[in-house]
Amino acid sequence: MNPPKASPSRDHQPLSELHPVHQHLPRQPSGLCRVCAATWPCACARMLLRVECGTDRVALSIYMASQLFDATADLLTLNPEPAPDPRELFDRFLAWTAQPPA
């Protein structure tokens, strides 16, 4: 029996080749999920991100901080007045990364 192949976590496939359940990614510049149209990261995206990062919460937090940075720029371009609420953006992108999975 052959051992299972290592998961190519850093080698991402094109979206068109992914199973639809794994396509819960942000649509830029709106910041909505490509699959369910919920505010990204949607519940499914959060679950998938937790699985991908495993126990490495630091990596998850750093990745989500970069997503927060990009989303803030997009949201300011789309809707400069009123500006996005920093507390809402923090809760949306980072607060959940510090909580243990439910």
Side-chain angles (χ1 to χ4, degrees):
M1 177 151 76
N2 295 331
K5 294 183 180 179
S7 173
S9 61
R10 300 293 179 226
D11 298 329
H12 298 286
Q13 299 174 15
L15 289 177
S16 60
E17 295 179 13
L18 292 175
H19 187 279
V21 75
H22 297 288
Q23 294 182 19
H24 286 266
L25 300 167
R27 180 177 308 281
Q28 303 301 10
S30 69
L32 301 177
C33 177
R34 292 176 183 260
V35 174
C36 64
T39 303
W40 193 89
C42 61
C44 191
R46 291 179 184 196
M47 184 268 309
L48 291 168
L49 288 163
R50 284 183 190 265
V51 168
E52 184 174 347
C53 291
T55 59
D56 192 351
R57 287 191 189 166
V58 173
L60 177 60
S61 297
I62 290 170
Y63 174 72
M64 291 309 300
S66 71
Q67 295 298 305
L68 168 62
F69 180 82
D70 292 343
T72 301
D74 288 341
L75 292 172
L76 283 170
T77 300
L78 289 175
N79 300 307
E81 293 295 327
D85 180 23
R87 182 178 309 240
E88 288 177 14
L89 291 175
F90 176 83
D91 289 345
R92 175 177 159 188
F93 286 93
L94 289 172
W96 65 272
T97 64
Q99 300 167 351

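Numbering of residues begins at 1 and proceeds along the displayed sequence.
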side-chain hydrogen bond (donor to acceptor under 3.5 Å, both in side chains) partners for S66, two or more places apart: none
In chain order, what residues pass the side chain to side chain contact (heavy atoms under 4.5 Å, CB included) check against S30, with sequence neighbours excluded? R27, L32
Which pair of non-hydrogen atoms, one from Q23 and one from R34, has the smallest distance, and what is that distance? O-CB, 3.8 Å
Using atom types as modelled and distance alone, determine if a side-chain donor or acceptor of R46 lies under 3.5 Å from a backbone N or O of W96. no
Linking Ile, Leu, Val, Met, Phe, Trp and Tyr by side-chain heavy atoms under 4.5 Å, what else ends up with V58? I62
Mind listing the closest non-hydrogen atom pair of R50 and Q99 along with its distance? NH1-O, 2.9 Å
Determine the minimum heavy-atom distance between L49 and Y63, stating which atoms define it. CD2-CE2, 3.7 Å
State, with a plain yes or no, whether a side-chain heavy atom of F93 is found less than 4.5 Å away from one of P41. yes
Assess the residue pair T97 and R57 against the criterion (side chain to side chain contact (heavy atoms under 4.5 Å, CB included)); give the C-alpha distance rounded to whole Å, side-chain angles, the decisive distance to 0.1 Å, and a yes or no. CA-CA 7 Å; T97 64; R57 287 191 189 166; over 6 Å; no
Only counting residues at least two apart or in another chain, list the ones meeting side chain to side chain contact (heavy atoms under 4.5 Å, CB included) with F90. L94, A95
Find out if a path of hydrophobic residues (ILVMFWY) with successive side-chain heavy-atom gaps under 4.5 Å connects W40 to L48. no
For C42, give me all partners under side chain to side chain contact (heavy atoms under 4.5 Å, CB included), at least two apart in sequence or on another chain. H24, C33, C36, A38, C44, A45
Name the atoms and distances for all side-chain donor-acceptor pairs under 3.5 Å in residues 73-85, with sequence neighbours left out.
residue, atom, partner, partner atom, Å
T77, OG1, A73, O, 2.9

